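Values below: every heavy atom of this structure, side chains too, minus hydrogens, waters and symmetry copies. Numbering of ligands and ligand atoms starts at 1, following listing order. All of these numbers come straight from a predicted model, not from anything done at the bench.
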Amino acid sequence: MIKGRIAELLQNTQYLQEVEVQGWVRSFRSNRFVALNDGSTINNIQVVIDYENTPEEILKRINVGASVLFRGTLQESQGSGQQVEILATEIEILGDANPEEVKKTILSPKRHSLEKLREQAHLRVRTNTFGAIMRVRSRLAFAVHDYFQRNNFFYVNTPIITASDAEGAGEMFQVTSLDLENLPKTEDGKVDYSEDFFAKETNLTVSGQLEGETYAMGLGQIYTFGPTFRAENSNTTRHLAEFWMIEPEMAFCDLDRNMDIAEDFIKYVLRYILENCQDDLAFLEKRQQEEEKAKPEKERSAMSLTEKLRFVVDNNFKRVSYTEAIEILMNSKPNKKKKFKYVIEEWGADLQSEHERYLVEKHFKCPVILFDYPASIKAFYMRLNEDNKTVRAMDILFPGIGEIVGGSQREERLDVLQDKMTALGIDQKELWWYLDTRRFGTCVHSGFGLGFERLVLFSTGMSNIRDVIPYPRTPHNAEF
Ligand code: ATP
Ligand code: MN
């Protein structure tokens, strides 16, 4: 008896063997053909039932959504569309699903909008679309570890609760065990955090970078891959309040090598899913093409999902300095005609996503790495260039996504870093441990952060970040 998951059985051509499968019914037609899915693949296995010799009681319970165990014989399929099927000899209903109840859910076999699926996020993983997305997500996560482990990086778990609030990466969620109805106060009327759990103010981390840097200074090359939190009140299709970030940090590494690694890394993981998620990508590609049909002709993308992934894997990312990018933008049609919401007036302007998308989608038509940004719009820890006005920062911009990576060479000179912190009013006492890395054996080092969900978004061709994480957290939404 072969007991296997459907993904394995579908590959099996040892016909006439006894097999056992368990899964959920996706459809049941003509009282004879069951399409069974167990989550291991986008493909269902067909189970053929000898209905004349099956009790009516059992047939009635083979409903969409029910979990069923079948034993039977593996045989070459008579019908088209599949190679193998199972001729059932034994049927065990494991868990019923009442058809009247199922009808009210997204399990009912008809088209449901993505919005509707979000409202039933606990069930949506049983649909073809979400099964495919979540399998691709899982394979991508594996490929992330695979890439770094093969290249001699070590996986580091940085803290999720932190006291450092100087990173400036985003708004933070506060962590406290104080009774909010009855807060302890200091003499001058402020909340007395010495009474709090950690005896100081703490938050959920917005980035593991600073701690990551300290570990790179011992292990040489590290990466983090964990949850990060931002209390940004921005309701966009690219922002979550809770997302997973991958943050490599490399000692003895300058910005050029940082960009090389980031590009190589992204290509590696995309190549990995092209090779290992073919069925799911084929399904997602079809889904996306249907979605595209609903759009006006000129908004449709010229490339299919897998063409887009291949394009990224096969072509060099275009590297452009901030200064060049500003020139391009100032001379662009939408800027001259004031079509941008934020018109670029001068060097030093912060780039909005409309500008990033113009560069990537209209001007270069390929992934772009922007580097050497004005110091004034970037974080305090970025390496100041010799021109004293730009820093060794880099952002990778992707079509349809905008920023997918943000990184930099870090300021390794203690005095320059301290001056910068003083100028920005960042407390050096709080970050004494961070400054120690510059006191003891400092070195040129670099790193970047890649938002995992933005990568999954690109990889699956979905358009809303809420659809690539099981339970999205966004402003006013923490259901499930
Ligand atoms: P953006 O400008 O898109 O808001 P950011 O500049 O705030 O991003 P960084 O602080 O550089 O982002 O974070 C590194 C990476 O984390 C980004 O390149 C992006 O891929 C991802 N990221 C940042 N904020 C979010 C978010 N709210 N939800 C999902 N991913 C995010
Ligand atoms: Mn950024």
Using a strict 4.0 Å cut-off to heavy atoms of [X], name the atoms of ligand 1 that fall inside it.
X    : answer
E403 : 2 (O), 5 (P), 6 (O), 8 (O), 9 (P), 11 (O), 12 (O), 17 (C), 18 (O), 20 (O)
R238 : 3 (O), 28 (N), 29 (C)
V405 : 18 (O)

For the 3.5 Å polar cut-off, considering only N or O atoms, please tell me whether G451 and ligand 1 meet it. yes

How does [X] reach ligand 1, by side chain, by backbone, by both or by neither, if only non-hydrogen atoms under 4.0 Å count?
X    : answer
I465 : side chain
D395 : neither
R230 : side chain
M245 : side chain

Does atom CD (E346) have a neighbourhood of more than 12 heavy atoms from anything else shown, all under 6.0 Å? no

Has K295 got more than 12 heavy atoms of other residues, nucleotides or ligands less than 6.0 Å from its NZ? yes

Indicate yes or no for a side-chain donor-acceptor contact from [X] to the backbone of [Y] under 3.5 Å, with no hydrogens or angles considered.
X    : Y    : answer
Q409 : L255 : yes
N43  : A7   : no
E354 : Y342 : yes

Among K378, Q352, E171, E232, whose heavy atom sits nearest atom 27 (N) of ligand 1?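 Nearest heavy atom to atom 27 (N) of ligand 1 lies in E232.
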
My understanding is that we take every heavy atom of each candidate and find the minimum distance to atom 22 (N) of ligand 1. Doing that for W244, F243, F448, F229, which one comes out nearest?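 Going through W244, F243, F448, F229 one by one, F243 has the nearest heavy atom to atom 22 (N) of ligand 1.
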
Side chains of Y223 and E247: do they bring a donor and an acceptor to under 3.5 Å? no

Pair Y268, D146: side-chain N/O donor-acceptor within cut-off below 3.5 Å: yes

